[in-house]
Amino acid sequence: MNSNGGVEIANQSMNELSIKEQEADESVQVTCFSEFSDDVTLHFQIIRLHKQIYAWIGCNSAKFGHLYAAAPTRPSNNVSVTSLIGGDSDNTGLGIARRLVLKTGLNIVLACNIPKNSPMLEAKAEKKLMEKLISLGYTMRKI
Amino acid sequence: MAMETSDPLFPVRQTSLCLDIQGNKTDIIISSYEDHFLVIVTQIGSMGTILHARKEEGVSIDPTFNVAVVFGKRDEPMLAACARKLIEHIRYIFQFILPIDASLCICLLNCYQLLHPCYDFCYICSNSGSSKALVLSLGLRDHSVGTLKGIVSAVIEKIF
């Protein structure tokens with residue numbers, strides 16, 4: 001009788017732990033940081049939802065910029081990406097969003113106000129964002 | 001439970017809150033950019049339907065608003081109604097709450113109303129220049145009127 005009671009208590013504790021882990025996994029996490037170099041300040045905001053990530057990249061300002069959505073496309077390893085707000089003649093963030101999904105396997109919505117025709121800045125921002133996503137443990141596939 | 005999560009030096013101010021709306025756990029994150037508000041409301045762990053709402057600049061005294069679904073469900077009029085309600089509220093608070101302290105705002109309002117008793121707070125704000133646009137994402141389990149009313153109330157209470 002006592003061993004059955006002990007097993008029940010252990011099962012209940014394990015269920016409670018797995019529920020707490022699930023709740024922690026499903027909670028929203030917000031990360032903000034800035035990178036200063038030369039005469040450019042890059043601001044990054046990452047909002048991690050359970051099944052999706054929203055990221056904003058700001059260059060010297062807090063303007064929202066253009067909005068893009070990108071996601072992996074099953075069953076092949078392709079990436080689908082589209083611009084949602086702005087981005088008609090200036091697709092600076094489009095490439096960043098596509099490469100982020102390609103390397104991380106995440107479903108990403110990206111807002112970005114990096115000016116067009118700034119490939120170095122774009123590459124730097126993408127690299128910083130990628131490093132942060134990896135360090136936070138948000139990626140889904142090995143790079 | 002609401003929490004302001006931004007570093008004072010970070011240019012984007014944000015607030016997160018988690019509450020129960022119609023029996024569903026709802027996470028709301030409000031971010032204030034230079035030219036936009038971003039409001040993420042999620043019950044399903046993703047952004048869901050994304051709407052873009054902005055005030056149209058025109059010569060008319062009464063403002064007009066443009067609300068468009070940019071991603072997701074385009075056949076749910078209540079979602080657009082939710083965005084419409086929020087962008088109208090943003091128009092009223094933008095010029096006064098953001099740049100100055102609330103107590104000073106009330107003091108100025110009282111002074112203004114002594115001079116112009118026929119004018120109310122909304123009229124003062126409606127003629128005070130451009131407003132921020134709104135990007136609203138709604139990832140909801142149900143699109144009932146009760147849920148959307150709860151969301152609008154919660155966001156209006158917290159928006160800054």
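This is a predicted model, so every value here is computed, not measured. Lettering follows sequence order; numbering is per chain, from 1.
For the pair B:Phe10 and A:Trp56, the tightest heavy-atom approach, listed with the atom from each and the gap, is CZ-CZ3, 4.0 Å. The shortest heavy-atom contact between A:Leu84 and B:Val70 is CD2-O, 3.5 Å. For B:Tyr33 against A:Ala62, the heavy-atom pair with the smallest separation is CB-O, 3.1 Å. B:Gly48 approaches A:Gln52 most closely through the heavy-atom pair N-OE1, 4.3 Å.
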Carefully, step by step, assess B:Ser31 and A:Gln45 under the rule side chain to side chain contact (heavy atoms under 4.5 Å, CB included). CA-CA 10 Å; B:Ser31 298; A:Gln45 177 193 29; 3.0 Å; yes

What verdict does the side chain to side chain contact (heavy atoms under 4.5 Å, CB included) test give for B:Val12 and A:His43, after you've listed the backbone C-alpha separation in whole Å, the side-chain angles of each residue and the deciding distance to 0.1 Å? CA-CA 9 Å; B:Val12 177; A:His43 303 291; over 6 Å; no

Checking side chain to side chain contact (heavy atoms under 4.5 Å, CB included) for the pair B:Leu38/A:Tyr54: CA distance, chi angles, key distance, verdict? CA-CA 11 Å; B:Leu38 170 69; A:Tyr54 163 81; 3.3 Å; yes

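With rounding to the nearest 0.5 angstrom, the OG atom of A:Ser61 is 7.5 Å from the CG atom of B:Asp35. Rounding to the nearest 0.5 Å gives a distance of 8.5 Å between CZ of B:Arg54 and CD1 of A:Ile85.
Under the 3.5 Å distance criterion, the side-chain polar atoms of B:Asp27 are left unmatched by any main-chain donor or acceptor of A:Ser27.
With contacts defined as side-chain heavy-atom distances shorter than 4.5 Å, the pair A:Val28/B:Ser16 does not qualify. In this structure, A:Phe64 and B:Lys132 have side chains that are not in contact, with every pair of non-hydrogen atoms separated by 4.5 Å or more.
Contacts between A:Ile47 and chain B at a heavy-atom distance below 4.5 Å involve the side chain alone, from C-beta outward. Contact annotation for A:Leu67: only side-chain heavy atoms (C-beta onward) come within less than 4.5 Å of a heavy atom of chain B. Looking at B:Thr42, the atoms closer than 4.5 Å to chain A (heavy atoms on both sides) all sit in the side chain, from C-beta outward. With a 4.5 angstrom heavy-atom cutoff, B:Ile44 touches chain A only via backbone atoms.
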